[in-house]
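In what follows, residues are counted from 1 in the order of the sequence shown. FYI, side chains are in, hydrogens and waters are out, and symmetry mates aren't considered; it's all heavy atoms of this structure.
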Amino acid sequence: ALAPVMETDAPIHYSHRVIRPDNEIRYVHGVARRQTNDEQKVVRVYGMIQDITTQQLIEQQLTKSIRQREMVSDLAQTVAATLNKRQIYERVASLLRPLIEADAVAIFERDGDHLVVQRADASTQEQAEKLTGVRVPIVNTVAGEVWESGHSVLRHANPNDFDHLVHANVREALGYM
């Protein structure tokens, strides 16, 4: 970081990501400038470093919020542009998974006492294809709770809870068996 400051009289600005020994990530911004003698030989380099972690994290959150708003707007435009259920499901699933930072998103329709995955988006295309069409009985599983409550249930669950929360058909399609 000091090499450029040795070449110019102008202050040099730089930013770095620092990983501390405890693996905490911090962000710093620095400004350095050289001081020369009468023969233009560098006799001192001085400057300052400022911890900008809070600012950096706020900027990252703002960027994420803007991206989420754009996705929600895109979803609304998709729904407004077509009444084709398949197109809506496809677009909703593909935009929703990154929006909520999930490994997989499934869109269900009720068929009697089962929920049937109409469209899925997952970490891999193979998982999404395996998940699409899976039938899940409406019982005391995540799918049943989501159907009854209308709210997302399993976003960040303890992996030890996964077996009894998610129906075996879904676990198998996602490769968790």
Side-chain angles (χ1 to χ4, degrees), residues 1-37 40-81 88-108 119-128 131 141-143 145-146 148-166 170-171 174-176:
L2 287 179
V5 81
M6 304 303 270
E7 306 298 322
T8 182
D9 288 331
I12 302 296
H13 294 261
Y14 57 92
S15 296
H16 291 289
R17 183 177 71 129
V18 177
I19 302 174
R20 295 172 33 149
D22 63 358
N23 287 328
E24 180 184 9
I25 297 174
R26 306 296 294 182
Y27 298 91
V28 296
H29 174 77
V31 180
R33 189 173 199 161
R34 73 181 185 168
Q35 181 178 3
T36 58
N37 61 17
Q40 297 303 309
K41 185 173 181 176
V42 176
V43 293
R44 183 167 72 159
V45 174
Y46 60 95
M48 68 85 168
I49 296 176
Q50 180 180 11
D51 184 336
I52 59 167
T53 302
T54 301
Q55 175 186 346
Q56 187 71 23
L57 295 175
I58 289 170
E59 286 177 12
Q60 289 173 0
Q61 185 60 41
L62 181 60
T63 300
K64 181 179 177 180
S65 293
I66 290 169
R67 189 176 68 240
Q68 288 174 336
R69 282 182 170 264
E70 289 170 350
M71 287 181 187
V72 169
S73 176
D74 196 8
L75 284 171
Q77 289 175 8
T78 298
V79 172
I88 292 170
Y89 287 172
E90 183 175 326
R91 193 69 180 139
V92 167
S94 66
L95 288 173
L96 188 59
R97 188 173 69 84
L99 180 69
I100 64 172
E101 299 174 353
D103 291 335
V105 169
I107 298 177
F108 295 90
R119 178 69 171 97
D121 190 79
S123 300
T124 68
Q125 183 64 30
E126 181 182 0
Q127 284 178 327
L131 197 53
T141 64
V142 170
E145 192 171 339
V146 168
E148 295 301 321
S149 71
H151 299 287
S152 175
V153 175
L154 184 66
R155 188 166 164 216
H156 298 287
N158 180 338
N160 297 328
D161 295 337
F162 195 69
D163 285 346
H164 76 273
L165 288 174
V166 178
V170 174
R171 290 194 314 269
L174 291 174
Y176 292 121

Distance, nearest 0.5 Å, that separates [atom1] of [X] from [atom2] of [Y]:
X	Y	atom1	atom2	value
Arg17	Thr53	CZ	OG1	11.5 Å
Leu96	Tyr89	CG	OH	13.5 Å
Ile66	Met71	CD1	CE	12.5 Å
Gln56	His29	CD	NE2	11.5 Å
Gln68	Thr63	CD	OG1	11.0 Å
Glu7	Ile12	CD	CD1	9.5 Å

For [X] against [Y], the heavy-atom pair lying closest together:
X	Y	answer
Leu131	Ala106	CD2-CB, 4.2 Å
Ile49	Tyr14	CG1-OH, 3.6 Å
Arg119	Ala93	CG-CB, 3.8 Å
Ala128	Ala120	CB-O, 3.6 Å
Thr36	Gln40	OG1-OE1, 3.6 Å
Ala32	Val45	CB-CG1, 4.4 Å

Worksheet item: Are any non-hydrogen side-chain atoms of Arg34 and Asp9 less than 4.5 angstrom apart?
Response: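 Yes; the side chains approach each other to less than 4.5 Å.
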Discussion item. So Glu90 and Ile107, do their side chains get closer than 4.5 Å, heavy atoms only?
Written reply: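 A side-chain contact under 4.5 Å is absent here.
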Discussion item. So, using side-chain hydrogen bond (donor to acceptor under 3.5 Å, both in side chains) as the criterion, who are the partners of Gln55 when residues are at least two apart?
Written reply: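 So Gln55 forms a side-chain hydrogen bond (donor to acceptor under 3.5 Å, both in side chains) with Glu59.
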Fill in: Test side chain to side chain contact (heavy atoms under 4.5 Å, CB included) applied to Ile58 - qualifying residues, sequence neighbours left out
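Testing Ile58 for side chain to side chain contact (heavy atoms under 4.5 Å, CB included), a comparison that skips the adjacent residues, returns Thr54.
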Practice prompt. Would you please name every residue forming a salt bridge (charged side-chain N to carboxylate O under 4.0 Å, His left out) with Arg20, sequence neighbours left out?
Written response: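 By the salt bridge (charged side-chain N to carboxylate O under 4.0 Å, His left out) rule, Arg20 matches Asp22, Glu24.
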Fill in: Atom CZ of Arg69: over 12 foreign heavy atoms under 6.0 Å
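Count not over threshold, so no.
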